[in-house]
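For reference, the structure is listed below as structure tokens.
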Amino acid sequence: DAGVIQSPRHEVTEMGQEVTLRCKPISGHNSLFWYRQTMMRGLELLIYFNNNVPIDDSGMPEDRFSAKMPNASFSTLKIQPSEPRDSAVYFCASSFPPPRTSGKRETQYFGPGTRLLVL
Amino acid sequence: AQTVTQSQPEMSVQEAETVTLSCTYDTSENNYYLFWYKQPPSRQMILVIRQEAYKQQNATENRFSVNFQKAAKSFSLKISDSQLGDTAMYFCAFRRGSNYQLIWGAGTKLIIKP
């Protein structure tokens, strides 16, 4: 069973360029998360989707960042224009609600990440 | 607000030894979940083990086990018979039962030496 798929795995771009990161969640998962990881700030939640709807985007740094989830199997995170301080590893994670009778709760499964370098 | 503290920035042990990584958290909630994630040099975030706060029994996954002390708000990870492939950053994370947000610790860098 395929895990969360992210592309590209590495991206090097110049300041001012548009960057688009892509994510395919695990099939059947209805929650999707975008994170950013840097040495200085650790892991930060950028945005959370549930059933393709953005629920919490309070972590999105500024208007240069936007995220979409047009359907249950695809999401994008766009940075326009990019800046050197956006350099980080960007993770996508997905989860699903287990049956209520199982007593279990959601666990987030992470993709391999996209390492972004903005020069 | 909930916080997660990992007091060991880096640890190093010999292969086959047992190592324990510490994690403490602060919350007034009674229903919550605790996780250990592993991040090897490949940068992939991998779930290692999960503990539900309402369960008194410590979670175990093969060589990985936790010592969950609810009253002390402590959630340590024990790795038995450590292997070179265990070399990674290990993150402790907390989640309220009614919330989707993970609160992360700063991580512990674990190095397994041959």
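Quick caveat, the model's predicted, so the values are computed rather than measured. A, B, ... follow the sequence lines: proteins, then strands. Residue 1 opens every chain.
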### Query
Most heavy-atom pairs under 4.5 angstrom with chain B, which of A/Pro112, A/Gly113, A/Gly42?
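Top count of heavy-atom pairs under 4.5 Å with chain B: A/Pro112.
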Nearest-0.5 Å distance that lies between atom [atom1] in [X] and atom [atom2] in [Y]:
{"X": "A/Gln108", "Y": "B/Arg50", "atom1": "CD", "atom2": "CZ", "result": "11.5 Å"}
{"X": "A/Gln37", "Y": "B/Phe91", "atom1": "CD", "atom2": "CZ", "result": "5.0 Å"}
{"X": "B/Met45", "Y": "A/Leu43", "atom1": "CE", "atom2": "CG", "result": "5.0 Å"}
{"X": "B/Tyr100", "Y": "A/Leu45", "atom1": "OH", "atom2": "CG", "result": "6.5 Å"}
{"X": "B/Arg43", "Y": "A/Arg9", "atom1": "CZ", "atom2": "CZ", "result": "11.5 Å"}

### Query
Does one hydrophobic cluster hold both B/Ile112 and B/Ile49, with members joined at side-chain heavy-atom distances below 4.5 Å?
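In one cluster: yes.
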### Message
Would you say A/Leu46 ends up clustered with B/Ile103 if hydrophobic residues are merged whenever their side chains have heavy atoms under 4.5 Å apart, either directly or through other cluster members?
### Response
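Different clusters.
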### Candidate pair B/Gln101 and A/Tyr48, rule side-chain contact (heavy atoms from CB on, under 4.5 Å), full reasoning
CA-CA 9 Å; B/Gln101 277 227 12; A/Tyr48 158 57; over 6 Å; no
Is [X] atom [atom1] crowded by more than 12 heavy atoms from other residues, nucleotides or ligands, each under 6.0 Å away?
{"X": "B/Glu10", "atom1": "CD", "value": "yes"}
{"X": "A/Asn71", "atom1": "CG", "value": "yes"}
{"X": "B/Lys73", "atom1": "NZ", "value": "yes"}
{"X": "B/Lys70", "atom1": "NZ", "value": "yes"}
{"X": "B/Gln14", "atom1": "CD", "value": "yes"}

### Task
Given side-chain contact (heavy atoms from CB on, under 4.5 Å), test A/Tyr35 with B/Leu102 step by step and report yes or no.
CA-CA 11 Å; A/Tyr35 288 90; B/Leu102 284 171; 3.8 Å; yes
### Query
Any idea how A/Phe110 and B/Trp104 line up, ring-wise: parallel (<30°), tilted (30 to 60°), or perpendicular (>60°)?
perpendicular
